[in-house]
Peer 1: 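There's a structure below that I have some questions on.
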Amino acid sequence: MITVFSEHHRQHAARGEWHEGAFREPFEAPARADGVLEAVRQAGLGPLVAARRSGLGVVERVHSAAYLAFLEQIHADWAVVYPDEDAVPYAIRAGTQGPVPDGLFGRLGHYATDTVTPITAGTWSAACAAVDCALTAVAEVAEGASEAFALCRPPGHHASRERYGGYCYLNNAAIAAESWRQRGCERVAILDVDYHHGNGTQSIFYDRPDVLFVSLHADPRHAFPYFEGYAAEAGAGAGEGFTLNLPLPPGTTWEAYTPALERALDRIVAFGAEALVVSLGLDTYGGDPIADFRLTERDFGELGARLRRVAAPTVFVLEGGYAVEELGPNVVAVLRGG
Ligand code: OKP
Ligand code: ZN
């Protein structure tokens with residue numbers, strides 16, 4: 001198993017996060033990716049490959065030009081006024097229609113979906129480096145490796161065509177899927193096993209039949225992102241039937257998880273996926289500080305083993321997972337597969 005990483009992820013380090021009424025250290029921190037790289041190295045999982053710089057070509061098929069220009073520029077504009085703080089909006093656009101306001105807070109609130117996703121001086125560089133990891137992993141598999149792991153940070157699955165949120169800025173998994181399409185794969189499946197619904201990924205492919213989106217996640221009635229991820233969301237237009245949401249209740253254990261996982265895998269096999277992108281979130285772990293599922297390291301091994309049933313070239317893209325000590329071992333368990 002090839003692991004693709006980048007040191008540039010450390011350029012994205014938020015000052016803190018408002019959580020349950022208090023400002024605290026951010027959950028989504030550089031130590032996450034450092035710990036995963038160390039665990040992969042120690043486990044002797046396979047070659048470690050530095051991400052190669054990719055152009056914005058595929059990225060521009062997933063995100064709008066105006067959004068990308070905003071992400072690249074906003075912190076520089078912000079720092080003129082607030083040099084020591086992360087850029088965070090307080091008013092958030094509720095719908096999707098309407099002009100982009102001119103000022104800092106108007107622009108931030110236009111493109112953001114929440115207030116827990118700060119933009120720092122290094123956010124754009126780090127987000128681009130995460131995309132580089134994903135695209136290099138696709139390239140490695142396209143060139144003959146059967147699987148690769150993209151050690152992406154920041155994560156991506158909450159980022160939509162032109163909104164950021166949920167610690168995500170550029171949608172690494174969607175960009176990986178689009179890269180497969182560009183390389184001639186007719187049918188690409190995305191399996192999202194992060195605890196949180198991948199609402200950004202879902203929205204990007206919602207009306208398309210060529211990229212199947214299947215997600216197992218905490219029921220949005222109780223969990224972030226709250227407003228998307230319901231079972232009734234099944235795709236639209238030509239994409240109807242090509243989104244499958246399998247929400248699960250609070251406290252879900254491996255016993256309750258497996259029937260949904262088998263349904264997800266059945267759908268992907270029936271679809272005839274020529275390539276698989278796994279949005280690999282490990283925040284379904286029992287010890288995760290912001291989630292309430294009960295999976296164990298052993299369960300992650302079993303998850304990894306069952307995923308191989310798809311038998312298609314596979315790219316694993318790191319999403320969430322906030323129990324920093326156990327994140328690396330849990331990732332290794334999935335990648336090893338049992
Ligand atoms: C990103 B990914 C509020 C709790 C966290 C945001 C969750 C973002 C999850 N302080 N709310 O899907 O792991
Ligand atoms: Zn998550």
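Counting starts at 1 for both ligands and their atoms, following the listed order.
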Peer 1: Which of the atoms in ligand 1, numbered in the order shown and given with their element, are less than 4.0 Å from a heavy-atom of Gly320?
Peer 2: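 Atoms satisfying the 4.0 Å criterion: 13 (O).
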Peer 1: Short question: side chain of Thr117, backbone of Gly166 - any donor-acceptor pair under 3.5 Å?
Peer 2: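 Checking the backbone N and O of Gly166 against the side chain of Thr117, a donor-acceptor pair under 3.5 Å is found.
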Peer 1: Could you tell me whether the side chain of Tyr206 and the main chain of Gly235 form a donor-acceptor pair under 3.5 Å?
Peer 2: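 Yes; judged by distance alone, with no hydrogens or angles, the pair exists.
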Peer 1: So Phe205 and Leu212, do their side chains get closer than 4.5 Å, heavy atoms only?
Peer 2: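 Result no, sub-4.5 Å side-chain heavy-atom pair not found.
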Peer 1: Please state whether His158 comes within less than 4.0 angstrom of ligand 1, counting heavy atoms only.
Peer 2: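 Heavy atoms of His158 do come under 4.0 Å of ligand 1.
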Peer 1: Please determine whether Asp194 has a backbone or side-chain N, O or S atom lying under 2.8 Å from the Zn ion (ligand 2).
Peer 2: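 Yes, within the cut-off.
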Peer 1: Under the side-chain contact (heavy atoms from CB on, under 4.5 Å) test against Val193, which residue among Phe300, Tyr257, Phe316 passes?
Peer 2: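 With Val193 as partner, Phe300, Tyr257, Phe316 yield a single side-chain contact (heavy atoms from CB on, under 4.5 Å), made by Tyr257.
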Peer 1: Heavy-atom count check: over 12 atoms from other residues, nucleotides or ligands less than 6.0 Å from Tyr90 OH?
Peer 2: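 No, because the 6.0 Å sphere around OH of Tyr90 holds 12 heavy atoms or fewer from other groups.
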Peer 1: Taking everything shown except Glu240 itself, do over 12 heavy atoms lie less than 6.0 Å from its CD?
Peer 2: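 No, the 6.0 Å shell around CD holds no more than 12 heavy atoms from other groups.
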Peer 1: Relative to atom 2 (B) of ligand 1, which among Tyr195, Phe27, Tyr322 owns the nearest non-hydrogen atom?
Peer 2: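 Of the listed residues, Tyr322 has the closest heavy atom.
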Peer 1: Which ligand 1 atoms are under 4.0 Å away from a heavy-atom of His19?
Peer 2: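 Within the 4.0 Å cut-off of His19, ligand 1 contributes 3 (C), 4 (C), 10 (N).
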Peer 1: Partners of Leu276 by side-chain contact (heavy atoms from CB on, under 4.5 Å), sequence neighbours excluded?
Peer 2: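 For Leu276, the residues satisfying side-chain contact (heavy atoms from CB on, under 4.5 Å) (neighbours in sequence not counted) are Ala189, Leu191, Ile268, Val278, Val310, Thr314.
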Peer 1: Is a donor on one side and an acceptor on the other found under 3.5 Å between the side chain of His63 and the backbone of Arg161?
Peer 2: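 Yes; at least one donor-acceptor contact below 3.5 Å.
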Peer 1: Can you sort out which atoms of ligand 1 are near Trp18, meaning under 4.0 Å from one of its heavy atoms?
Peer 2: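 Going through ligand 1 atom by atom, the ones under 4.0 Å from Trp18 are 10 (N).
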Peer 1: Checking one value in my table: which N/O/S atom of Asp283 lies closest to the Zn ion (ligand 2)?
Peer 2: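 Asp283's closest N, O or S atom to the Zn ion (ligand 2) is named OD2.
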Peer 1: Which one of His157, His217, Glu28, Glu20 has a non-hydrogen atom at the shortest distance from atom 12 (O) of ligand 1?
Peer 2: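 Considering heavy atoms of His157, His217, Glu28, Glu20, the nearest to atom 12 (O) of ligand 1 sits in His157.
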Peer 1: What are the atoms of ligand 1, with element, lying closer than 4.0 Å to any heavy atom of His196?
Peer 2: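 Within the 4.0 Å cut-off of His196, ligand 1 contributes 2 (B), 7 (C), 9 (C), 12 (O), 13 (O).
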Peer 1: Given that the side chain starts at C-beta and the backbone is N, CA, C, O, which of these parts of Glu17 lies under 4.0 Å from ligand 1, counting heavy atoms, or is it both or neither?
Peer 2: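 Glu17 to ligand 1: side-chain contact only, backbone stays beyond 4.0 Å.
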Peer 1: Check whether more than 12 heavy atoms from other residues, nucleotides or ligands sit under 6.0 Å from atom CZ of Arg10, and answer yes or no.
Peer 2: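 Yes, CZ of Arg10 has more than 12 neighbouring heavy atoms, counting only those of other groups under 6.0 Å.
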Peer 1: Taking only heavy atoms of Asp283, which atoms of ligand 1 are found under 4.0 Å from at least one of them?
Peer 2: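 Within the 4.0 Å cut-off of Asp283, ligand 1 contributes 13 (O).
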Peer 1: Looking at the Zn ion (ligand 2), is there an N, O or S atom belonging to His196 that lies under 2.8 Å away from it?
Peer 2: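 A backbone or side-chain N, O or S atom of His196 is under 2.8 Å from the Zn ion (ligand 2).
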Peer 1: Please state which option from Phe224, Tyr167, Tyr226 has its nearest heavy atom closest to atom 5 (C) of ligand 1.
Peer 2: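 Among Phe224, Tyr167, Tyr226, the closest heavy atom to atom 5 (C) of ligand 1 belongs to Tyr167.
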